[in-house]
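First comes the structure, then the notes that go with it.
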Amino acid sequence: MKVRTRFAPSPTGELHLGNARTAVLNWLFARRHGGAFVLRFEDTDLERQVATAEHGIVRALDWLGLDRDEGPFVGGPHGPYRQSERLEIYGEHANRLLSAGLAFRCYCTTEELEIRRAEARARKGELRYDGRCRDLPREVEERFRGEGRRPSIRFRVDPGPIRYADRIRGELTVHGEEIGDLVILRSDGRPTYNFAVVVDDLLMEITHVIRGAGHLSNTPKQVLFYRALGAEPPEFVHLPSVLAPGGGKLSKRAGATGLRAYEEVGYHPDAVLNYLSLLSWSSPTGDEILSRERLMAEVDLDRLGAANPEIDPAKMRWLSGQHFRRESIERLEVDLAGRLVDRFSLGETELRALTEVLRERILVLSDANDVCELILPEPDLSNSAVREVLEEPHSARVVAAVTERWSALEQWTRETLREALLEVGRDVGIKGRAFYHPVRATLTGAIQGPDLPDIAYILGAERTLERLRRGIAAAGA
RNA sequence: GCCCCCUUCGUCUAGUGGCCUAGGAUACCUGGUUCUCAGCCAGGAGACAGGGGUUCGACUCCCCUAGGGGGUACCA
């Protein structure tokens, strides 16, 4: 049977690392087995205003490179893919259960239920529905109807063990008496979450339900629905919950940063994909820096742990850097161009040189700004730190020697610049700080930054030599 | 309150009864890369939550406790 997975967020807000990890595993597993990845929005409970959230989610998925085979905006044979557009379908299925005697109409109002729950809580009793409408005589039903009560439809949950399986945890059992009769259709006709999910997953022919462990306790209820509808449940895989750094659940104040923010800071999307798949999973090879292709080939449902992992921002940044190091110059150049060209009015050769240097040092794309900020603007030679360096006795001589040697260069490459610099150092007989600082200060107006040959390489021969000559003048003065 | 799940270095993890004086990665510390920052390279320190069992032998199996996560809704 063809593997079909789905990602079913409710379009309330942005995707965060926790949601995204669920999407990632569903996508990876589908791709690994040549299956289909379906997107579905669970929006039954929401009013409008979700349109922007829908787009935000799709955007985030696109950024991570998780393409959908079916879903909103792309369509597919099992649509519609928004629960709000499937209301009649849920109604039909609920009625099927009703006529089969597996469900019944419950005339209790929300208020009555709440009062009973409060009482139960007060005397420390069971909070569950007491089943009072299970077998209502026809006359009573008529009377309730006459009173204007709108019934909800409840599913009969009989006492006794309910067995279900989770791929990660194995066979599990709960008891029907701990669940109670479940509302599947509210009195206003909208389905409840657990019922809608089952109807959708069934109709969409989902084979593997991969979702957060928060749904573990919903699973037995859903298994009951599958059976009642005459179907076998799919395989359930409950991924451990992703926790915020320092523990605790992902929340507004801790770690629930939207994916958009990671995109803006400039994390490599493949690194985020890589990082997320490494939560609860590890490659049998023990490797951790895994390309998109390797992830698609290797990530499977075996080797999934059961403990809740915490996000480690530092490791994610490190991975991002690793992915940039392996990125092609051409691709990185495109990413960098979007952030730097206008802001620093870069030319083609400058951008290329910058990309070559930056590829070896950035962790996230925004690191590039700092480097540009430091070396691209005309250096300010008037600040005290720079003045101090330039006033050293040998500074003028050092800068002049470097200028002379570099201006004689036939090839302006990082390598030739570096070799030439080393030679000058030996010739002049000055080394360390005394040698490098005057050159650095002259070139950037700072005494801290990337390697000098790299700076010269990015600036290009003309600008480098011009700055150096100005430095000689300043040092001589 | 009741029910369910989880528990190896700070963090992510390897480990399925002896291969473990517990391996890797990150973070941290130190050194190197004839200047600095980042990067990179090398080295160092760092864990089986606690207590009972089972066994010739437990990180690995069972029980209890603690801690964490989730559920108990006409929320999703």
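Each chain gets a letter, A, B and so on, in the order the sequences are listed, and its residues count up from 1.
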Q: Please list, chain by chain and in numerical order, all residues satisfying salt bridge (Lys or Arg N to Asp or Glu O under 4.0 Å) with Asp302(A), sequence neighbours excluded.
A: Arg167(A)

**Q.** Counter-base of U36(B), judged by Watson-Crick or G-U geometry with both distances under 3.5 Å
**A.** none

Q) So, is Arg325(A) close to the G39(B) phosphate, meaning a side-chain N or O under 4.0 Å from OP1 or OP2? A) no

Q.
Between Asp181(A) and Arg156(A), does any NZ, NE, NH1 or NH2 come within less than 4.0 Å of an OD or OE carboxylate oxygen?
A. no

Q: Indicate whether OP1 or OP2 belonging to C74(B) is found under 4.0 Å from a side-chain N or O atom of Arg116(A).
A: no

Q: Please test Asn369(A) against Arg343(A) for side chain to side chain contact (heavy atoms under 4.5 Å, CB included), starting from the C-alpha separation and ending with a verdict.
A: CA-CA 9 Å; Asn369(A) 287 317; Arg343(A) 184 161 167 196; 3.3 Å; yes

(Q) Using the side-chain hydrogen bond (donor to acceptor under 3.5 Å, both in side chains) criterion, which residues pair with Thr285(A)? Sequence neighbours excluded. (A) Ser283(A), Asp287(A), Arg294(A)

Q: In whole angstrom, give me the gap between the P atoms of A22(B) and C59(B).
A: 11 Å

Q: Rounded to whole angstrom, note down the C1' distance from G43(B) over to G53(B).
A: 43 Å

Q.
Is there a side-chain contact between Thr44(A) and the phosphate of A76(B), meaning an N or O under 4.0 Å from OP1 or OP2?
A. yes

Q: Have a look at Leu113(A) and say if it touches a base, only the backbone sugar-phosphate, or nothing, with a 4.0 Å heavy-atom cut-off.
A: base

Q.
Taking the C1' atom in each of A45(B) and C29(B), what is the distance between them to the nearest angstrom?
A. 8 Å

Q: Verify the contact: side-chain N or O of Ser282(A) to OP1 or OP2 of G24(B), cut-off strictly under 4.0 Å; return yes or no.
A: no

Q. Which whole number of Å gives the distance between the C1' atom of C5(B) and that of C40(B)?
A. 43 Å

Q) In whole Å, what is the span from the CD atom of Gln448(A) to the P atom of A38(B)? A) 8 Å

Q: Sort out the partner of G44(B) for me: Watson-Crick or G-U wobble, both distances under 3.5 Å, none otherwise.
A: C28(B)

